[in-house]
Amino acid sequence: MEHGSPVSLPPALDLNNIPRHVACVMDGNGRWANQRGLPRTDGHAAGEAAIVDAVNGALALGVRYLTLFAFSTENWRRPADEVKFLMNFNENLLLRRRSEFSAQGVQMCFSGRRDWRVPRRVLRRMEETEQMTAANERLTLTLAFNYGGRAELTDALKAIVDAGIPSSKIDERLIARYLYHPEIPDPDLVVRTSGEQRISNFLLWEAAYAEYVFPEVLWPDFRQGDLFDAVVEFQQRQRRYGGL
Ligand code: IPE
Ligand code: IPE
Ligand code: MG
């Protein structure tokens, strides 16, 4: 099926219990390419269709926040060629997709360290995109880029100390206010594709009570139907938050 086209919702899906915030670890691009005898970077390129589908699926469901893990603070360890490809690819993805996303009411923002390792033109593109889409309110799409949960907490602690806040004033609410996007609610559902069952430093603080779903599908093959299935699985969970 052509990606981005409407897909019927599974009958088991309850439209009155849609997660407000879905976060995805887009994993399995390299394996997808490997299986086809292609270079790993072709897998990243093929992941673009899945991103478009995830956005369209989130819009169809009425998910309010979608966060996609695009590049981690640990991904700098990859070969220089792959890192370079990912920087260019993510920049071009913005240029290719931001108008269509914006026309659909998608606000785009970025979460992660905006440090010297990220090429200046990519940073500029990110700022432009945030400004272009700032007024949209149907769906907030956050690309976690040069993002690490530990880096985020480290940055929050530094900012708290720099602000001269005494320890007596530090509580969970205050810490949450110093994270990269305090205005975005915690994820309800975290989906990690490719069958890997680990967090890999994603949203360590925010996902404290998220439900996790681990579909086997490799990210480039992820389609709206896979998102719907993950939401159905989410709806079968009983969230207890430590209570009964
Ligand atoms: C996820 O796919 C994309 C990024 C981490 C940027 P991978 O590149 O990790 O694919 P696998 O895990 O090697 O298959
Ligand atoms: C997590 O995937 C990061 C992104 C999807 C951007 P990785 O493929 O980098 O995670 P590990 O190395 O398998 O834990
Ligand atoms: Mg991986």
Side-chain angles (χ1 to χ4, degrees), residues 3 21-55 57-58 65-94 96-97 108-115 117-119 122-123 125-126 129 141-155 180-181 184 187 189-207 210 212-223 226-227 230:
H3 64 81
H21 182 179
V22 177
C24 300
V25 180
M26 308 189 283
D27 200 13
N29 297 350
R31 278 162 281 168
W32 184 93
N34 252 341
Q35 286 173 2
R36 288 161 177 76
L38 300 168
R40 290 178 54 82
T41 48
D42 283 16
H44 300 312
E48 181 168 344
I51 292 173
V52 172
D53 243 60
V55 168
Y65 299 89
L66 177 67
T67 299
L68 302 177
F69 202 2
F71 191 87
S72 78
T73 46
E74 288 68 42
N75 288 146
W76 297 107
R77 294 182 187 144
R78 296 193 177 192
D81 281 357
E82 182 169 345
V83 168
K84 194 167 168 211
F85 177 90
L86 285 167
M87 293 297 135
N88 288 325
F89 170 71
N90 279 289
E91 181 193 3
N92 289 322
L93 178 99
L94 295 183
R96 274 194 300 275
R97 299 293 175 178
M108 293 176 73
C109 54
F110 300 87
S111 189
R113 272 199 180 148
R114 302 198 184 186
D115 63 15
R117 289 186 293 187
V118 182
V122 180
L123 292 173
R125 220 53 98 187
M126 286 165 34
T129 305
L141 170 64
T142 305
L143 294 168
F145 190 80
N146 194 21
Y147 174 86
R150 289 184 173 181
E152 181 178 29
L153 284 167
T154 305
D155 291 348
Y180 294 143
H181 284 284
I184 298 181
L189 167 62
V190 175
V191 179
R192 183 175 188 146
T193 55
S194 86
E196 300 293 357
Q197 303 192 357
R198 55 176 171 263
I199 301 182
S200 299
N201 205 11
F202 189 43
L203 303 177
L204 292 183
W205 178 279
E206 298 87 337
Y212 282 83
V213 173
F214 299 106
E216 292 292 327
V217 62
L218 302 175
W219 180 256
D221 290 327
F222 188 85
R223 290 295 175 270
D226 299 296
L227 177 68

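If you're wondering where the values come from, they're calculated on a predicted model, not measured in any experiment. For ligands, and for the atoms within them, numbers begin at 1 and follow the listed sequence.
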Inset, instruction - Report the nearest protein non-hydrogen atom to atom 10 (O) of ligand 2: residue, atom name, distance rounded to 0.1 Å. - result: R192 NH2, 3.2 Å

Legend entry - E196 touching ligand 1 at heavy-atom level, < 4.0 angstrom: no

Inset, instruction - Please could you name the atoms of ligand 1 that R31 approaches to less than 4.0 Å, counting only its heavy atoms? - result: 11 (P), 12 (O), 14 (O)

Inset, instruction - Examine the side chains of D155 and Y180 and answer whether a donor and an acceptor come within less than 3.5 Å of each other. - result: yes

Inset, instruction - Number the atoms of ligand 1 from 1 as they appear, then name those within less than 4.0 Å of a heavy atom of R40, with their elements. - result: 7 (P), 8 (O), 10 (O), 13 (O)

Legend entry - Ligand-residue contact atoms, ligand 2 with V25, heavy atoms, under 4.0 Å: 1 (C), 5 (C)

Inset, instruction - Check step by step if side-chain contact (heavy atoms from CB on, under 4.5 Å) holds for M126 and N90. - result: CA-CA 10 Å; M126 286 165 34; N90 279 289; over 6 Å; no

Inset, instruction - In sequence, state the C-alpha distance, the side-chain angles, and the governing distance for V55 and L66, and then conclude on side-chain contact (heavy atoms from CB on, under 4.5 Å). - result: CA-CA 8 Å; V55 168; L66 177 67; 4.1 Å; yes

Legend entry - Nearest protein heavy atom with distance in Å, relative to atom 14 (O) of ligand 2: S200 OG, 2.6 Å

Legend entry - Within-cutoff protein neighbour (heavy atom, under 4.0 Å) for atom 7 (P) of ligand 2: yes

Legend entry - ligand 2 atoms in contact with F69 (distance to a heavy atom under 4.0 Å): 3 (C), 4 (C), 5 (C), 6 (C)

Legend entry - Check: T142/H181 side-chain N/O donor and acceptor closer than 3.5 Å: no

Legend entry - Nearest-contact summary for atom 13 (O) of ligand 2 - protein heavy atom, Å: R198 NH2, 2.7 Å

Legend entry - Between T73 and R113, a side-chain donor and acceptor under 3.5 Å: no

Inset, instruction - Give the contacting part of S194 toward ligand 1: side chain, backbone, both or neither, where contact means a heavy-atom distance below 4.0 Å. - result: neither

Legend entry - Separation of S111 OG from F202 CZ (nearest 0.5 Å): 8.5 Å

Inset, instruction - For ligand 2, note which part of R78 has a heavy atom under 4.0 Å away: side chain, backbone, both or neither. - result: side chain

Legend entry - Short N or O distance, F71 and ligand 1, threshold 3.5 Å exclusive: no

Legend entry - Sub-4.0 Å heavy-atom approach of A70 to ligand 1: yes

Inset, instruction - May I ask whether G28 has any heavy atom positioned less than 4.0 angstrom from an atom of ligand 1? - result: yes

Inset, instruction - Would you check if T67 and H21 make a side-chain contact, meaning some heavy-atom pair closer than 4.5 Å? - result: yes

Inset, instruction - Please work out whether any backbone atom (N, CA, C, O) or any side-chain heavy atom from C-beta onward of A144 is under 4.0 Å from ligand 2, and answer side chain, backbone, both or neither. - result: neither

Inset, instruction - For atom 2 (O) of ligand 1, grab the closest protein heavy atom and report residue, atom and distance to one decimal in Å. - result: N29 N, 3.2 Å

Inset, instruction - Say whether N75, considering both its backbone and side-chain N or O atoms, lies within less than 3.5 Å of an N or O atom on ligand 1. - result: no

Inset, instruction - Measure from NZ or CZ of R78 to the centre of the six-membered ring of W76, then state whether that distance is under 6.0 Å and the direction lies within 45° of the axis. - result: no

Inset, instruction - Decide whether an N or O pair under 3.5 Å exists between W32 and ligand 1. - result: no

Inset, instruction - Could you find the nearest protein heavy atom to atom 5 (C) of ligand 2 and give me its residue, atom name and distance? - result: M26 O, 3.4 Å

Inset, instruction - Looking at D27, pick out the N, O or S atom nearest to the Mg ion (ligand 3) and give its name. - result: OD1

Legend entry - Approximate separation, where rounding is to 0.5 Å, of D42 CG and R40 CZ: 11.5 Å

Inset, instruction - Report the C-alpha separation of F145 and F71 in whole Å, then their side-chain angles, then the decisive distance to 0.1 Å, and conclude whether the ring-ring contact (aromatic ring centres under 6.0 Å, His included) test is met. - result: CA-CA 5 Å; F145 190 80; F71 191 87; 5.6 Å; yes

Legend entry - Flag for H44-E82: side-chain donor and acceptor within less than 3.5 Å: yes

Legend entry - Residue pair V191 / F222, side-chain heavy-atom distance below 4.5 Å: yes

